[in-house]
Amino acid sequence: MKALKTIVLATSILAASCPLFTNSADACTRVLYRGTDSLNIVARSLDWKTPIPTNLYIYPRGMVKTSSNMPDHISWVSKYGSVYAVGYDGGVTEGMNEKGLVVNGLFCKGTVYNDEATTGRIQMSMAVFVAWLLDLNATTDEVAECMKNWNFDIQGATFDGGTVSALHWGVTDASGKSIIFEFNHGKVNVYDMGDYLAMSNDPGWPQMTAIINYWERIGGKNMLPGTVTSPDRCVRADYFAHHVKKTSDADLGASIARSVLVNACVPYTYEIQGEPNLSSTQWRSLANTRDLRYYFEKITNLGIYYVDLKKVDLRKGAPVLKLDTSNTTGLVGDVTKMFKKSEPFTPMY
């Protein structure tokens, strides 16, 4: 039986960019593929009821950034270069830095960020929160330490015409160590995932692990839950991630990780009568933390492509680079050279 361990409990407030639904619909799946020779690949899907324009940006080291446009904010200088997935060209949804740290936000409707104790704190916009983590941290342990000292209030907790963002977070580093953050009225619980390899949405992580353990006792080769609900998707992803072939080959590993993820995705345009906010997968990403390859796949694209951070100039003073995904329907494979010099995106504070 897998062990569940809570490793941090700290006062906190966080948010980011995967939507909250007014009904019981769920969104997003995240799975870790553990291969051999230090190959770890984080695969995730982003689900939403309509397409979310998401472009890819590469930011070098040494850039000065600001947590908010409000008076009570902080500034920092990035220690690491990163690739970001930027929704609406205004907020970082997820990303991977040059040290192989990956941060992804997934919908969790039980999330409540604020309480009385958080008012009057320094402002942190959810548009740049993921960038803040990736810019300054190399490992999951460092991220957890950041959370112990969290002293911010969240700005910009709505988007897309007033939609509220309620999330929990998955973080994985180059060693494969993974943690999950969940927030509850100004406090954050941080869980060491241990041998669990998947997360989705609701219920909260302690309850989700109980569901995974239940199905583990039944045995996945005999029966697995098959609906698009969050627990069913998480159970399927966790089971297959534990039972696929392990490889050290980056290309084969990406294919295996992608196949596990697809098995847990909501088919594009799938609908259930009476569930108007049911969301289907809009795009998927894969982050190879060893080889520093970040893959991206829009559901309506013909193929999947990736950027190789080892081939990018991430030195201080290097230009920001951008790939406009609206013009990538025919791209496949290594597209590092297709990124163009760009102005930084404008955060939707």
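Along the sequence shown, residues are numbered consecutively beginning with 1.
- At a threshold of 4.5 Å between non-hydrogen side-chain atoms, the residues D47 and F107 do not count as touching.
- With hydrophobic clusters built from ILVMFWY side chains whose heavy atoms lie under 4.5 angstrom apart, I212 shares a cluster with I218.
- Nearest heavy atoms, L136 versus Y80: C-CE1, 3.9 Å.
- Both L252 and V31 are members of a single hydrophobic cluster when ILVMFWY side chains are connected at heavy-atom separations under 4.5 Å.
- Remark: side-chain polar atoms of D238 are paired, donor with acceptor, to backbone N or O of L197 under 3.5 angstrom.
- In terms of modelled atom types and a separation under 3.5 Å, the side chain of D308 and the main chain of R293 share no donor-acceptor contact.
- Nearest heavy-atom pair across L39 and T247 is CD2-O, 3.4 Å.
- Taking all atoms of both residues into account, the shortest heavy-atom contact from D37 to S248 is OD2-CB, 3.2 Å.
- The stretch residues 69-83 participates, sequence neighbours left out, in no salt bridge (charged side-chain N to carboxylate O under 4.0 Å, His left out) pair at all.
- Residues R44 and T93 form a side-chain contact, since some pair of their non-hydrogen atoms from C-beta on lies under 4.5 Å apart.
- A donor-acceptor contact shorter than 3.5 Å links the side chain of E98 to the backbone of G81.
- Within the 4.5 Å cutoff, the side chain of E142 has no heavy atoms near those of the V171 side chain.
- Side chain of S67 to backbone of H73: no donor-acceptor contact under 3.5 angstrom is found.
- When atom types are taken as modelled, the side chain of S78 and the backbone of G62 share a donor-acceptor pair closer than 3.5 angstrom.
- Of the options Y59, W132, Y294, F296, a ring-ring contact (aromatic ring centres under 6.0 Å, His included) to Y84 is made by Y59 and by none of the others.
- Side-chain atoms of H168 never come within 3.5 Å of backbone atoms of G110 as a donor-acceptor pair (strictly under, hydrogens ignored).
- The ring of W169 has its center closer than 6.0 angstrom to the ring center of F129.
- Side-chain heavy atoms closer than 4.5 Å link hydrophobic residues (I, L, V, M, F, W, Y) into clusters, and following such links, even through other members, never connects M126 to M70.
- Using a distance-only test at 3.5 Å, with no hydrogens or angles considered, no donor-acceptor pair links the side chain of T300 to the main chain of K298.
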Q: Give the C-alpha distance, both sets of side-chain angles, the deciding distance and a yes or no for side-chain hydrogen bond (donor to acceptor under 3.5 Å, both in side chains) between R233 and S200.
A: CA-CA 7 Å; R233 289 185 285 106; S200 53; 4.8 Å; no
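- Atom CE of M63 and atom CH2 of W76 lie 11.0 Å apart (nearest 0.5 Å).
- Side-chain N or O atoms of T140 include none that pairs as donor or acceptor with a backbone N or O of S178 at under 3.5 Å.
- Between D313 and R315, at least one side-chain N (NZ, or NE/NH1/NH2) sits under 4.0 Å from a carboxylate O, which counts as a salt bridge.
- M147 CE to N137 CG: the interatomic distance, rounded to the nearest 0.5 Å, is 10.0 Å.
- Contact annotation: the side chain of M96 never approaches that of N288 to less than 4.5 Å [non-hydrogen atoms, C-beta and beyond].
- Scanning all heavy atoms of the two residues, the minimum distance from M348 to G91 falls at CE-N, 4.4 Å.
- Around NZ of K99, the count of heavy atoms belonging to other residues, nucleotides or ligands within 6.0 Å does not exceed 12.
- Here the CZ atom belonging to R217 is positioned 6.5 Å from the CG atom belonging to N213, to the nearest 0.5 angstrom.
- By the 4.5 Å heavy-atom criterion applied to side chains, L323 and Y305 are counted as neighbours.
- Here CE of M199 is found 10.5 Å from CD1 of I179. Values are rounded to the nearest 0.5 Å.
- A donor-acceptor pair is defined here as one N or O able to donate and one able to accept, closer than 3.5 Å; such a pair exists between the side chain of D232 and the backbone of T227.
- Just one of T325, D324, V332 meets the side-chain contact (heavy atoms from CB on, under 4.5 Å) condition when paired with T328; it is T325.
- Residues W283 and N301 form no side-chain contact, since every pair of their non-hydrogen atoms from C-beta on lies 4.5 Å or further apart.
- Counting heavy atoms from C-beta on, the side chains of W215 and M223 come closer than 4.5 Å.
- In this structure, the separation between OG on S82 and CZ on R61 is 10.5 Å, given to the nearest 0.5 Å.
- The two residues A257 and Y33 make their nearest non-hydrogen contact at CB-CB, 3.7 Å.
- Among residue pairs with one or both ends in residues 331-342, those qualifying as side chain to side chain donor-acceptor pair (under 3.5 Å) are K311-D334, D334-T336; sequence neighbours excluded.
- Using modelled atom types, one finds a donor on one side chain and an acceptor on the other under 3.5 Å when comparing T172 with R30.
- Side-chain contact annotation: S230 with D202, donor-acceptor N/O pair under 3.5 Å absent.
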(Q) Would H243 and K221 count as a side chain to side chain contact (heavy atoms under 4.5 Å, CB included) here? Give the steps. (A) CA-CA 10 Å; H243 291 87; K221 66 180 181 180; over 6 Å; no
Q: Any chance you could lay out the side chain to side chain contact (heavy atoms under 4.5 Å, CB included) test for R284 and I299, step after step, and finish with the verdict?
A: CA-CA 8 Å; R284 290 184 281 258; I299 297 303; 3.5 Å; yes
Q: Determine, step by step, whether F345 and V92 satisfy the side chain to side chain contact (heavy atoms under 4.5 Å, CB included) criterion, reporting the C-alpha distance in whole Å, the side-chain angles of both residues, the deciding distance to 0.1 Å, and the verdict.
A: CA-CA 10 Å; F345 74 89; V92 182; 3.6 Å; yes
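- The 12-atom threshold is not exceeded at CE of M338, counting heavy atoms of other residues, nucleotides or ligands nearer than 6.0 Å.
- Between the OG atom in S285 and the OH atom in Y295 there is a gap of 12.0 Å [rounded to 0.5 Å].
- N40 and A174 make their closest contact through ND2-O, 3.4 Å (heavy atoms, listed as atom of the first residue, atom of the second, distance).
- Side chains of D141 and K177 form a contact here, defined as non-hydrogen atoms less than 4.5 Å apart.
- Placement of V130 and I74 within a single hydrophobic cluster is found when ILVMFWY residues are connected by side-chain heavy-atom separations under 4.5 Å, directly or transitively.
- Both V128 and W150 are part of a single hydrophobic cluster, where members link through side-chain heavy atoms under 4.5 Å apart.
- Put simply, the side chain of Q282 gets close to the backbone of W48: a donor and an acceptor are under 3.5 Å apart.
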